[in-house]
Amino acid sequence: MNKAKAILQIYQTMLDTLGPQQWWPGETPFEIVIGAILTQNTNWSNVEKAIRNLKTAGKLSPRGIHELSMLELAQLIRPSGFFNVKAKRVKAFINWLFSRYEGNLSRMFNQDLQILRDELLSVKGIGPETADSILLYAGNMPTFVVDAYTHRIFSRHGFIAEESTYDEMKAFFEENLPKDVTLYNEYHALLVHIGKRYCRPKKACEPCPLKDFL
DNA sequence: ATCCGGCGTC
DNA sequence: GACGCAGGAT
């Protein structure tokens, strides 16, 4: 059996049964970047409240966050959890953005993908998943996002080893899928849906759209 | 291996 | 009022 074909069939099945997820259609790239940091190890609904707080305070911009003290920022993003560490991480990113790209996201995304990815990974608090989420969802750059759901679903289905590293999983998808931003975007969004709804730590395989692929 | 914290569900 | 959940650093 052809691996690449199976990966595409899984995608098609998810798309047919779940429909397009249409992630982050109307929001600004900056909002997506901040969301990517705040959603680390937390539910998106928690992040929405934090984003709302920043927006209401008129601070949802590079300059706006730059002006906040660490404590002020931590209080605003409190609903997203881990708010003290995340305040440090958001600040670290903003400081880096100003020193490296004049606080300008467009300039940042004008950088070459691989170089920018390495640069993002050098910012304390930005790991591989956050970096790839920023690049794909805010920058529309062709990099595949791997997360806990991706790992769980594809290891359970026997496509990857349980102990696979982030970079191995990322390579697995990029080697077996056409290099397409829209496809990467939708694929990850669909996996999140499957992971939240069906492929739980305690399985719910019976009603899962992907049960035939086991 | 442990720490960092909130929200939704039961 | 428990318990379950999801990344990164140290």
Side-chain angles (χ1 to χ4, degrees), chain A residues 14 18 21 23-24 31-57 59-60 65 68-97 116-139 143-156 160-173 184-185 187-205 207-208:
Chain A
M14 292 192 294
L18 271 25
Q21 304 298 295
W23 267 23
W24 285 320
E31 182 170 341
I32 296 169
V33 170
I34 297 307
I37 297 173
L38 296 183
T39 200
Q40 289 171 359
N41 225 45
T42 100
N43 198 289
W44 183 252
S45 67
N46 299 8
V47 177
E48 286 180 324
K49 301 173 198 300
I51 296 274
R52 173 56 49 194
N53 287 347
L54 288 169
K55 208 178 276 185
T56 300
K59 298 296 182 182
L60 190 53
I65 289 179
L68 291 169
S69 73
M70 195 70 82
L71 255 56
E72 289 170 328
L73 177 58
Q75 288 316 305
L76 287 171
I77 65 172
R78 189 180 186 102
S80 73
F82 305 103
F83 50 87
N84 284 313
V85 292
K86 284 179 181 173
K88 286 199 186 75
R89 291 172 182 185
V90 168
K91 278 289 194 181
F93 169 77
I94 295 295
N95 287 336
W96 170 82
L97 184 64
L116 180 55
R117 187 173 192 273
D118 286 340
E119 289 182 354
L120 285 169
L121 290 175
S122 76
V123 178
K124 287 298 174 209
I126 297 185
E129 181 183 342
T130 306
D132 287 328
S133 297
I134 289 170
L135 294 165
L136 177 63
Y137 287 103
T143 189
F144 198 91
V145 177
V146 173
D147 68 350
Y149 298 131
T150 313
H151 174 255
R152 192 157 68 218
I153 295 164
F154 279 83
S155 58
R156 273 187 186 166
I160 57 176
E162 176 72 34
E163 58 276 10
S164 302
T165 66
Y166 185 97
D167 286 336
E168 286 168 353
M169 294 188 279
K170 173 179 159 65
F172 168 80
F173 286 96
Y184 286 2
N185 179 323
Y187 207 127
H188 179 253
L190 286 162
L191 287 178
V192 168
H193 187 130
I194 293 285
K196 292 171 85 145
R197 174 73 183 78
Y198 304 101
C199 202
R200 309 292 296 168
K202 304 300 179 195
K203 312 182 183 188
C205 295
C208 181

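Residue numbering restarts at 1 for every chain, and letters A, B, ... go by the order of the sequence lines.
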How many whole angstroms separate atom [atom1] of [X] from atom [atom2] of [N]?
X: A:Phe82; N: C:dT10; atom1: CZ; atom2: P; result: 16 Å
X: A:Glu48; N: B:dC7; atom1: CD; atom2: P; result: 13 Å
X: A:Arg89; N: B:dG5; atom1: CZ; atom2: C1'; result: 12 Å
X: A:Lys86; N: C:dA9; atom1: NZ; atom2: P; result: 13 Å
X: A:Leu38; N: B:dC7; atom1: CG; atom2: C1'; result: 15 Å

Select one nucleotide: of [options], the one nearest the side-chain heavy atoms of [X].
X: A:Asp147; options: B:dG6, B:dG8, C:dG7; result: C:dG7
X: A:Pro201; options: B:dG8, C:dG7, C:dC5; result: C:dC5
X: A:Ala148; options: B:dC7, B:dG5, C:dG7; result: C:dG7
X: A:Asn84; options: B:dG5, B:dG6, C:dG8; result: B:dG5
X: A:Gln40; options: C:dC5, C:dG8, C:dT10; result: C:dG8

**OP:** Look up atom CD1 in A:Ile77 and atom CD1 in A:Ile34, then write down how far apart they are to the nearest 0.5 Å.
**Re:** 9.0 Å
**OP:** Please work out if A:Asn46 contacts a base, only the sugar-phosphate, or nothing of the nucleic acid, heavy-atom cut-off 4.0 Å.
**Re:** base
**OP:** Select base, sugar-phosphate, or nothing to describe what A:Lys124 touches, counting heavy atoms under 4.0 Å on all strands.
**Re:** sugar-phosphate
Original post:
Once the angle between the rings of A:His188 and A:Trp23 is folded into 0 to 90°, is it parallel (under 30°), tilted (30 to 60°) or perpendicular (over 60°)?
Top reply: perpendicular
**OP:** Check whether the side chains of A:Thr165 and A:Asp167 place a donor and an acceptor atom closer than 3.5 Å, and report yes or no.
**Re:** no
Subject >> Near-ring test A:Tyr187/A:Phe144, centroid separation under 6.0 angstrom >> reply: yes
